[in-house]
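Down below is the structure, laid out as structure tokens.
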Amino acid sequence: MHRYRTHTCGALREGDIGIEARLSGWCHRIRDHGGVLFIDLRDHYGLTQVVVDPDSPAFKTAEMLRSEWVIRADGKVRRRPDGTENPDLPTGAVELYARAIEVLGPAAELPMPVFGEQEYPEETRLKYRFLDLRREHLHNNIMKRGAIIDSIRRRMKAQGFFEFQTPILTASSPEGARDYLVPSRLHPGKFYALPQAPQQFKQLIMISGFDRYFQIAPCFRDEDARADRSPGEFYQLDIEMSFVTQDDVFDAVEPVLRGVFEEFSEGKPVTQKFPRIPFGEALRKYGTDKPDLRNPIVMEDVSDIFRGSGFKIFARIIETSPQGAVWAIPAPGGGSRAFCDRMNSWAQGEGQPGLGYIFFVPEGGKVLGRGPIANNLGPERTEALRTRLRLKDGDAVFFVAGEPQNFVKFAGPARNKIGDELGLIKKDRFELCWIVDFPMYEWNDEEKKIDFSHNPFSMPNASVEEFLALDPADKDKILALKAIQYDVVCNGVELSSGAIRNHRPEVMKKAFAIAGYDESVLEQKFGGMLHALSLGAPPHGGIAPGIDRIVMLLCGEENLREVVLFPMNQRAEDLMMGAPSEATPKQLRELHIRVVKPGQSAS
RNA sequence: GGGGGCGUAGCUCAGUUGGUCAGAGCGUCGGCCUGUCACGCCGAAGGUCGCGGGUUCGAGCCCCGUCGCUCCCGCCA
């Protein structure tokens with residue numbers, strides 16, 4: 001007989017009745033009836049009930065056992081007595097009638113229980129992550145994560161992609177995040193950077209003559225966390241292809257994403273053909289470049305209705321500012337003063353002056369708009385609004401006004417809030433889309449200069465000749481320029497960003513010049529890359545969907561920590577391992593490093 | 001760096017206008033219990049009400065500061 005087990009705790013069935021079995025696992029739950037004692041023995045595979053009678057030689061040991069002790073139990077598999085079967089358990093028809101129990105790993109009193117679903121503070125859960133991971137919920141999430149990654153690999157390989165490994169100790173990459181630095185022992189005063197993404201490497205792999213690269217790649221960024229953004233490190237499905245257009249990238253990636261979502265969505269519908277929404281349209285309709293398409297609300301510009309109207313606040317905004325506009329957020333079913341007032345106070349809580357509204361009620365066979373805006377706007381214009389937005393009695397419409405570039409930051413959340421409050425969001429589905437035609441540049445109003453809008457390594461959507469001919473002074477033309485860059489969005493979560501790369505050194509130099517960077521800056525920071533591009537680079541492009549976010553969505557979680565094995569807390573600390581920690585003087589000496597803490601003097 | 005929310009037993013939380021307000025459930029420990037599977041019953045331990053200061057005859061409750069957790073903004077694909 002094996003030292004520890006003949007079966008796992010999820011294995012025994014009716015067909016095993018009568019055999020001698022040996023199980024090892026954790027004491028999940030112990031029920032002591034004085035005479036007879038039940039132990040739910042748990043391992044990775046499942047749960048089996050172990051029964052110990054007073055006349056069993058194991059009884060004395062069994063009485064000492066506590067939750068989460070690791071034991072080995074030997075005995076005969078027998079049918080549970082009539083009426084005591086547990087249909088909720090795959091092993092529920094049988095039990096192990098214990099003859100011998102060996103304690104393999106006793107447990108001190110637990111800081112948090114494994115049994116049960118009681119919520120525990122994040123801090124405790126992270127410090128004792130191994131206990132939390134024993135719990136069914138997290139355990140399942142992590143296993144699902146592994147299965148999702150397996151599926152992604154399988155799908156990528158089936159499409160002719162090949163997995164490469166890229167360095168972890170490297171130099172800074174083109175993304176704009178803060179780097180994690182690693183001091184060099186051999187080169188005093190010099191540092192490696194951990195890759196923010198294998199961006200330059202994957203491009204170099206294409207320049208090296210390979211094709212269809214992918215990697216489940218660790219990425220390191222020293223930036224602050226969010227619920228959907230891990231501090232420090234995360235994983236991307238990093239992809240790059242040569243001789244491709246944007247359509248080729250979409251054709252390669254869309255089936256992988258759709259396939260993996262369908263495989264793990266547990267029956268929830270998944271978008272079959274991802275719509276392609278231009279960046280500008282996304283802002284206009286949804287107020288964000290990562291729209292949640294489960295929310296049916298589509299905003300509309302209704303400036304013309306307010307222009308010169310009796311509602312002076314909006315009329316004046318449209319008159320006085322060349323960009324001034326009024327957008328309508330239709331709210332089907334929101335047609336009550338109580339709801340509109342509630343949204344108004346929500347807006348004020350968000351730091352807005354308020355959220356204007358009209359709500360529609362039936363009166364004398366007609367539908368009338370109510371509220372201060374309707375009163376000032378007059379019945380004709382109110383009716384024009386209502387028909388344009390296809391609203392009926394019992395509905396409402398909210399307004400955001402000002403310059404769109406300023407109010408979209410509020411309009412998007414308002415659309416989400418209204419959709420959420422009114423129950424309009426079709427949960428239980430995965431709505432994916434591409435966001436395309438990102439602007440290449442944007443205006444930096446603080447520094448009064450043109451900046452890269454996103455990744456400076458994207459190809460501008462113009463011919464080489466056109467682009468090189470751009471006059472840096474022609475601000476409007478430059479700001480109207482699009483990059484061949486795209487995002488994938490699912491349920492309002494940005495999964496990924498990608499681009500056709502700028503593989504022409506002269507275009508790259510021009511692109512940086514427009515953003516005000518001297519050629520020497522480019523040479524200094526990306527000289528290696530530039531040089532590589534000048535020695536025969538294929539047109540290439542790719543994308544890098546966030547693995548953690550995909551898993552989070554498919555597990556139905558709101559926080560990445562629920563799908564990462566050993567996550568750090570929001571302040572980028574590993575409470576279990578105690579990272580970061582101070583280095584010893586010897587380590588620092590070898591690295592030629594002297595630590596100056598905030599408030600200390602360098603001397 | 002900034003803003004919001006939270007902080008009472010190991011955990012989840014209650015605690016009224018400032019006046020028996022140091023409480024419940026779960027967990028832990030002890031006792032009883034031969035068919036439970038959220039076992040049941042009895043009992044016990046467990047608290048600087050995050051910390052510091054202030055107002056008050058009196059503070060878990062009000063005020064100021066501070067720390068921690070969390071969500072968001074900045075930042076970041």
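Throughout, protein chains are lettered first and strands after them, A, B, ... in sequence-line order, and every chain is numbered starting at 1.
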Close side-chain approach of A:Thr166 to A:Lys202, heavy-atom, < 4.5 Å: no
Any donor-acceptor N/O pair under 3.5 Å between B:C75 base and A:Arg221 side chain: no
Flag for A:Asp53-A:Ser56: side-chain donor and acceptor within less than 3.5 Å: no
Touch class at under 4.0 angstrom, heavy-atom based, for A:Glu117 against every strand present: nothing
Neighbours of RNA chain B within residues 481-498 of chain A, by heavy-atom distance under 4.0 Å: A:Gln485, A:Glu494, A:Ser497
Spacing of the P atoms in B:U34 and B:C71 (rounded, Å): 49 Å
Whole angstrom value for the distance that separates P of B:C76 from CD of A:Glu223: 6 Å
Distance in angstrom units between A:Lys127 NZ and B:C11 C1', rounded: 16 Å
Listed once per pair and sorted, the side-chain hydrogen bond (donor to acceptor under 3.5 Å, both in side chains) pairs that draw on residues 23-33 of chain A, sequence neighbours left out: A:His28-A:Arg42, A:Arg31-A:Asp40, A:Arg31-A:Gln49
Interatomic distance at P, B:G19 relative to B:G2, whole Å: 36 Å
Under 4.0 Å protein heavy-atom contact, by nucleotide of nucleotides 26-35 of chain B - B base, S sugar-phosphate only: -SSSS--BSB
Output field: ring centroids A:Phe261/A:Phe430 closer than 6.0 Å: yes
Spacing of A:Asp40 atom CG relative to B:C39 atom C1', expressed in whole Å: 11 Å
Any-strand Watson-Crick or G-U partner of B:U66, both distances under 3.5 Å: B:G50
Euclidean distance, atom CZ of residue A:Arg178 to atom P of B:G74 [Å, nearest integer]: 13 Å
Counter-base of B:U55, judged by Watson-Crick or G-U geometry with both distances under 3.5 Å: none
N/O (side chain, A:Arg31) to phosphate O (OP1/OP2, B:C39) under 4.0 Å: yes
Value in whole Å for how far the C1' atom of B:U36 lies from CD of A:Glu85: 13 Å
Rounded distance in Å - CD (A:Glu573) to C1' (B:G68): 11 Å
By side chain to side chain contact (heavy atoms under 4.5 Å, CB included) - contacts of A:Asp548 (at least two apart): A:Arg145, A:Phe234, A:Tyr235, A:Leu560, A:Val564
Upstream residue (5' side of RNA chain B) when A:Thr124 and A:Leu89 are each assigned their closest nucleotide: A:Thr124
Nucleotide paired to B:A22 in any strand shown, Watson-Crick or G-U, under 3.5 Å: none
Partner nucleotide, any strand, of B:C37 [Watson-Crick/G-U, under 3.5 Å]: none
Counterpart residues, ring pair (Phe, Tyr, Trp, His ring centres under 6.0 Å), relative to A:Tyr213 (two or more places apart): A:Phe164
For A:Tyr517, all residues meeting side chain to side chain contact (heavy atoms under 4.5 Å, CB included), sequence neighbours excluded: A:Phe452, A:Phe512, A:Ala515, A:Val521
Pairs where residues 482-501 of chain A contributes a residue and the test salt bridge (charged side-chain N to carboxylate O under 4.0 Å, His left out) is met, not counting sequence neighbours: A:Glu240-A:Arg501
Integer angstrom distance from the C1' of B:G18 to that of B:C63: 13 Å
Any donor-acceptor N/O pair, A:Arg294 side chain to A:Glu431 backbone, under 3.5 Å: no
For B:G1, the Watson-Crick or wobble partner whose two distances fall under 3.5 Å: B:C73
P spacing across the pair B:U12 / B:U8, given as an integer number of angstrom: 8 Å
Set of residues satisfying salt bridge (charged side-chain N to carboxylate O under 4.0 Å, His left out) with respect to A:Lys285, sequence neighbours excluded: A:Glu281
Watson-Crick or G-U counterpart of B:C29, or none if no pair lies under 3.5 Å: B:G43
With sequence neighbours excluded, residues passing ring pair (Phe, Tyr, Trp, His ring centres under 6.0 Å) with A:His139: A:His44
Working for side-chain contact (heavy atoms from CB on, under 4.5 Å), residues A:Val488 and A:Glu254: CA-CA 9 Å; A:Val488 180; A:Glu254 192 172 315; over 6 Å; no
Whole-Å gap separating P (B:U12) and CZ (A:Arg125): 11 Å
Can you name the atoms? Protein N/O to nucleotides 70-73 of chain B N/O, anything below 3.5 Å, with the distance.
unit_1	atom_1	unit_2	atom_2	d
B:C71	OP1	A:Asn559	ND2	2.7
B:C71	OP1	A:Arg561	NH2	3.1
B:C71	OP2	A:Gln570	OE1	2.6
B:C72	OP2	A:Ala227	N	3.0
B:C73	OP2	A:Arg226	NE	2.6

A:Glu119 CD - B:G10 C1' separation (whole Å): 16 Å
Pairwise P distance, B:C72 and B:G54 [rounded to whole Å]: 38 Å
Test ring pair (Phe, Tyr, Trp, His ring centres under 6.0 Å) applied to A:Tyr128 - qualifying residues, sequence neighbours left out: none
B:G1 versus B:C11 - spacing of their P atoms, nearest Å: 28 Å
For A:Arg78, salt bridge (charged side-chain N to carboxylate O under 4.0 Å, His left out) partners two or more places apart: A:Glu95
Interatomic distance at C1', B:G52 relative to B:A59, whole Å: 15 Å
B:A14 and B:G60, which share atom name C1', separated by this distance in whole Å: 12 Å
